[in-house]
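A short write-up of the structure that comes next.
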2 protein chains.
Amino acid sequence: MTEPERLRADAVRNRTAILRATEELLTRHHPQQISMEQVAAAAGVGKGTVFHRFGSRYGLMRALMQERAQDLEIAINTGPPPLGQGAPPRVRLLAFLTAVVELVARNKGLLAALGPAAPVTAAPEQEPREAHPVYRSWHGHISQLVHQQRPDLDADMLAHVLLATLHSEPILNALERGDGNRLDRTLRDLVTGLMPE
Amino acid sequence: MTEPERLRADAVRNRTAILRATEELLTRHHPQQISMEQVAAAAGVGKGTVFHRFGSRYGLMRALMQERAQDLEIAINTGPPPLGQGAPPRVRLLAFLTAVVELVARNKGLLAALGPAAPVTAAPEQEPREAHPVYRSWHGHISQLVHQQRPDLDADMLAHVLLATLHSEPILNALERGDGNRLDRTLRDLVTGLMPE
DNA sequence: AATGCTACTGGACCGCTGGTCCAGTTGTCG
DNA sequence: CGACAACTGGACCAGCGGTCCAGTAGCATT
């Protein structure tokens, strides 16, 4: 994927300090209330450092998200069933959805921060706007699994619909209240309706 | 509902001018790129007038959304089947989803503007944050219909999941490209899976 | 038609934000 | 150990949402 890109020792130290500080702030505030200056202060660095490393608010959030999603990514690609290869598509999809819901529940505001925070700046008239890598990966995984078992469905759109769940304010609020299992059950019901045993 | 609240003639004129200008700007720019100053300028009024009437960016978007959703609201409550009362829940739900998709497709960025634009200001630590009235209404309608036919399901959460669709950037992009019928079909497939004839 | 009351108007203004800039510092490598 | 580039941080900038209030103009009452 992306090469490790050799960084200087202090740069590495500050990078993780910034990520940890952001993480910590996100557990206590809604993402839109967190300013980059706050992040810098909480990490004990200057604002310039934050932007030099991450480029923008969006870049920071994306990096954090990628870090959080790494374990799941590995489990899917090289881990054992039911998440990894080996189980039937339906089972893998259900396992994946459960894992994603759990991941998002543990990282409340992060997804919310990523959605709207997409490259809104600069270019005055801009095309569709690429989704961030984690979304792309998840979408690809879901649509592939759906397609394997139900090639007659619009797997691409269905994957978007399932993932849309995680960008919804009311649902994120529900997750914050600990209703993760309700969401998980509902998604299972939906998938089971389309992909019976 | 809300009383008409007698307004002065010039106030009415400016109110509609602002709404039309916003509408027009939304067709050409992403909601986050539109500033309140632009809206004011496009409507030919001062910024103070916009805020005096709508209170905040969120208030403006909400008002516009309510205006757009009014017809659908009436069709549901007092119109003929399949949208109005009379048809079986499953049919009413499918008709409603089709209508909503069509409504959102015609008003691209509006939903996107409402989600993130919710009361983020002021209060430093804020509870769940109420959804806007249109969302509330749609959610209530869907969950009621689901409950009528499948009382065993978590109708509340399912309604949130179905509506989450409309807050998703990738899906809004798809709608912008004219893929409304794909989304409609996918939602029909999902609902039909849970609510067979 | 004139008058007074008050809702409405609009632009100067405020605090704060994301992002830029660059002079100074500090790791790294030959 | 020297030199060079990568990194640092805080002053700085343009633009934002929102406030304020002196001035204006619609409406009721006569």
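Here is how names work: the chains are called A, B, and so on, in the same order as the sequence lines, proteins then strands, and each is numbered from 1. Note that these values count all heavy atoms, side chains included, but never hydrogens, waters or copies made by symmetry.
Within residues 49-56 of chain A, the residues that have a heavy atom under 4.0 Å from DNA chain C are, in order of number, A/Phe51, A/Ser56. Interface residues of residues 8-17 of chain A facing DNA chain D, ordered by number: A/Arg8, A/Asp10, A/Ala11, A/Asn14; criterion, heavy-atom separation under 4.0 Å.
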Shorter than 3.5 Å, N or O on both sides, protein versus nucleotides 1-3 of chain D: list them out with atom names.
none

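The environment of A/Glu67 atom CD is dense: over 12 non-hydrogen atoms of other residues, nucleotides or ligands sit within 6.0 angstrom. A 6.0 Å sphere centred on CD of B/Glu24 holds more than 12 heavy atoms belonging to other residues, nucleotides or ligands. In this structure, A/Arg185 places its CZ atom where only 12 or fewer heavy-atom neighbours from other residues, nucleotides or ligands lie under 6.0 Å away.
Look at CG on B/Leu60: it is 12 Å from C1' on D/dG17, rounded to the nearest Å. Distance CE (A/Met36) to C1' (C/dT20): 13 Å, rounded to an integer number of Å. Here the P atom of nucleotide C/dG19 and the CE atom of A/Met61 are 11 Å apart, to the nearest Å. Atoms CD (A/Glu37) and P (C/dT20) sit 15 Å apart, rounded to a whole Å. Following rounding to the nearest Å, A/Leu7 (CG) and D/dT8 (P) show an atom-to-atom distance of 9 Å. Distance, B/Lys47 NZ to C/dC14 P: 13 Å, rounded to whole Å.
Taking the C1' atoms of five terminal pairs at each end of the helix from C/dA1-D/dT30 to C/dG30-D/dC1, the two resulting helix axes are inclined by 20°, rounded to 10°.
Not a single side-chain hydrogen bond (donor to acceptor under 3.5 Å, both in side chains) links B/Ser143 to another residue, sequence neighbours left out. With sequence neighbours excluded, the residues forming a salt bridge (Lys or Arg N to Asp or Glu O under 4.0 Å) with B/Asp10 are B/Arg8, listed by chain and number. Looking at residues two or more places apart in sequence or on another chain, you find a salt bridge (Lys or Arg N to Asp or Glu O under 4.0 Å) between B/Glu23 and B/Arg20, B/Arg68. Listed by chain and residue number, nothing satisfies the side-chain hydrogen bond (donor to acceptor under 3.5 Å, both in side chains) test with B/Gln38 (two or more places apart in sequence, or in another chain). Partners of B/Gln149 under the side-chain hydrogen bond (donor to acceptor under 3.5 Å, both in side chains) rule, at least two apart in sequence or in another chain, do not exist in this structure. Taking the side-chain hydrogen bond (donor to acceptor under 3.5 Å, both in side chains) definition, one finds that B/Gln144 meets it with nothing, sequence neighbours left out.
Of the possible polar contacts, one joining the A/Asn77 side chain to the A/Glu73 backbone as a donor-acceptor pair under 3.5 Å is found.
Looking at B/Val146 and B/Pro89, their side chains never come closer than 4.5 Å, going by heavy atoms from C-beta outward.
Backbone-only contact: B/Ile34 has heavy atoms under 4.0 Å from sugar-phosphate atoms and none from a base.
Contacts classified as side-chain hydrogen bond (donor to acceptor under 3.5 Å, both in side chains) and involving residues 150-164 of chain B (residues at least two apart or in different chains) are given here: A/Arg182-B/Asp154, A/Arg182-B/Asp156, B/Tyr135-B/His160, B/His139-B/Asp156, B/His139-B/His160, B/Arg150-B/Asp152. Residues in residues 89-104 of chain A take part in these side-chain hydrogen bond (donor to acceptor under 3.5 Å, both in side chains) pairs, two or more places apart or across chains: A/Thr98-A/Asp184, A/Thr98-A/Arg188, A/Glu102-A/Arg106.
Picking from D/dC16, D/dG17, C/dG18 the nucleotide with the shortest atom distance to the side chain of A/Arg57 gives C/dG18.
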